[in-house]
There are 2 protein chains.
Amino acid sequence: MSKTVTINDVARTAGVSITTVSRILNNKPDVSPETRKRVLEAIVQLDYTPHAQAKNLAAGKSRSIAVLYPAHSNGLSELEFEFFVGASTIAAKRGFLFNLFVNTLSEHTLLNLYRSNQIDGVILMEIHLQDERVHLLQENDYPFVMIGHCADNEGLSYIDLDFETSMLVSVDHLYKLGHRHIGLLSMSKALRDAGYGPVVRTGRGYAQACARFGLTPLYYEAPTTIEDAYAATHRMLDEHPEITAMVTLHPDSSVGIVRAVQSRGLSIPQDFSLIGIVIDRIAKLISPPLTAITFPAYLMGERAAQMLIRMLQESEYEPEQELLTPHLIIRDSTGPAR
Amino acid sequence: MSKTVTINDVARTAGVSITTVSRILNNKPDVSPETRKRVLEAIVQLDYTPHAQAKNLAAGKSRSIAVLYPAHSNGLSELEFEFFVGASTIAAKRGFLFNLFVNTLSEHTLLNLYRSNQIDGVILMEIHLQDERVHLLQENDYPFVMIGHCADNEGLSYIDLDFETSMLVSVDHLYKLGHRHIGLLSMSKALRDAGYGPVVRTGRGYAQACARFGLTPLYYEAPTTIEDAYAATHRMLDEHPEITAMVTLHPDSSVGIVRAVQSRGLSIPQDFSLIGIVIDRIAKLISPPLTAITFPAYLMGERAAQMLIRMLQESEYEPEQELLTPHLIIRDSTGPAR
DNA sequence: TTGTATGCGTTATCAC
DNA sequence: GTGATAACGCATACAA
């Protein structure tokens, strides 16, 4: 932890003013080749590194972005990790620090992040249709983007998976395989009541799909644990033994469903089909490998970070809204209805 | 993005000097109750927030820590995510920003993080027995802790799972179930050659266990993908049909093994037993639910952050080295040898 | 082409 | 008790 070498030291060593050094550091014009050479030599000789903090203070920026992911609210899954890695990669490329907040922040704390100049902008995750954080940041005119989107997205930037279409695609696939009784096991009622985007939108998509194909909606919900999904599946099949296929939103739910179905002596996909909305890595881990709507989390993290950084850097930034087309990957959990 | 309210504004409004305001903000003594009251009112009235950047510049610190996780080197898994969440939680509690770097940093970039005052310390992950990053930071006397540990840890702080004992515990469990031909499917040869801690140490533990129980070592290695593990398992069972149990280090490898074993008409755990070193969440996701050495990643992330922050804050910090006792959780992938 | 002076928002030293 | 004033390390208008 040697003493910091400052621009002053460089200036003195090179026999110039700090202004000149600053010019050279920032590639400004109007510097004679000789002085530039002399300064660069001094920089190398002293092994000088600009002090990012001081730079940012002078510039009135922080050159760091943050992602807000309330991890403890909803149970961890692997999805978020890929978001982070994608976003962090872009941030690093653009010279931004990437901060991770995994705890729910109070309004005060969230605003303070901006006001204390610790971050320039945030990526919001786990978006609800009516999201307090969004209102708060919008009112205060602080830069942010969302992974997910609200009911009203006027003027906002976001990237999201098209969950409604995801359900249409899923039901379509199952319908074409001959299934006529297709259930949806969604997430918890609490999340639906709270207006959690993916839950609400898959619900809508499912309703639309049922209407389109003339199917009776069989909508169930359960917390996203293996055990809860297991129990819920048994309930579903007790109440509706005609069900031959299901769709679900979470890896743990998928596994619960698989186990419940198998415990009834049915095999997948011979007797029963299942589609999940799950990242590829996990879909492949499950047995049988899950036919799934790919969740391109890494890409979404990248895009979110790109949007945010552009928002921060471009004076005439126009909001970007991106709804990704769902892509169904057929593996071993779906087959023709018997 | 309203104009920043500074300590100056507060001072003016309260009719005092900025020194006095600063005193009050930092709970220094020697302030009359009346002025304190007046200043506090001004703070509330103006909705003032201290400027973290300026504070840190004056203090010569950054109040932020970072975790270095070279995500792209070794394939993503879920382990790391829990490290991050644990570490980030502690950082937030202690008032530190938590930065995430998922790309391999050059020596220069790594040192610059410190020298440019962007971070006060880092948590190093994916530690190798001889780790350049460790040497580099040690030479420069920059604060860091490791998740994992080196060959020589003199003066270093770390938290790690005791991988050697993990293997002893695993083999012991299998031995007691009557298994006499127990294989280890490790990670890639490249990782072993590079001296990647978990690979080397599990290898050692396995060798010790075999010696202790009088077993013939059956050590194989494969990249940690389902496909590679699948192929490797077939190779193992072709060459050593006597194998009735295996241990492995990665979720994907576990799944590959399960599928290979089952493809040979064997069932788990009736005909074949398997133990993984895998976080609980994933062990439960796999079918059959995996008997596993729990990987307490969340806890390890917490501990690493605690160590680092103490190192940063305590003048007389003594290195802490913590090797966690492995804990075997028996699920459905192990049973008596036939 | 180069340098001087001032500001960024805070803390700390030292007077008063 | 309180208040100037000088750091912290850099950028930048304005002079020269």
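Sequence lines set the chain letters: A, B, ... in the order given, protein chains first and strands last, and positions in each chain run from 1.
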Quickly, which of A:Phe84, A:Tyr69, A:Phe81 forms a ring pair (Phe, Tyr, Trp, His ring centres under 6.0 Å) with B:Phe84? Name it, please.
A:Phe81
If only side-chain N and O atoms of B:Thr20 are considered, is one of them under 4.0 Å from the OP1 or OP2 phosphate oxygen of D:dT2?
no
What's the closest nucleotide to the side chain of B:Ile18 if the choices are C:dT11, D:dG3, C:dG7?
C:dT11
Please state whether the phosphate of D:dT2, meaning OP1 or OP2, lies under 4.0 angstrom from any side-chain nitrogen or oxygen of B:Ser17.
no
Counting only side-chain heavy atoms from C-beta out, which of C:dG9, D:dC10, D:dT2 sits nearest to B:Asp30?
D:dT2
Would you say the side-chain atoms of B:Ser62 pair up with the backbone N or O of B:Asp120, donor to acceptor, closer than 3.5 Å?
yes
Could you check which of C:dT11, C:dT13, C:dG7 has an atom nearest any side-chain atom of B:Ile7?
C:dT11
Look at the side-chain N and O atoms of A:Asn117 and state whether any lies under 4.0 Å from the OP1 or OP2 oxygen of C:dG9.
no
Students often get this wrong, so: under 4.0 angstrom with heavy atoms, is A:Thr19 touching a base, only sugar-phosphate, or nothing?
base
So what does A:Val16 touch, heavy atoms closer than 4.0 Å: a base, only the sugar-phosphate, or nothing?
sugar-phosphate
Using heavy-atom distances to pick each residue's nearest nucleotide on DNA chain C, tell me which of B:Arg23 and B:Ala59 is more 5'.
B:Ala59
Can you check whether B:Asn56 has a side-chain N or O nearer than 4.0 Å to OP1 or OP2 of C:dT10?
no
Students often get this wrong, so: under 4.0 angstrom with heavy atoms, is A:Lys28 touching a base, only sugar-phosphate, or nothing?
sugar-phosphate
Which nucleotide, D:dG9, C:dT11, D:dG1, lies nearest any side-chain atom of B:Ser32?
D:dG1
So what does A:Ser22 hit on the nucleic acid, given a heavy-atom distance under 4.0 Å: a base, only sugar-phosphate, or nothing?
base
Mind calculating the distance between CD (B:Gln53) and C1' (D:dG9) to the nearest angstrom?
12 Å
Test your reading of the model: is there a side-chain donor-acceptor pair from A:Gln118 to the backbone of B:Ala52, 3.5 Å cut-off?
no
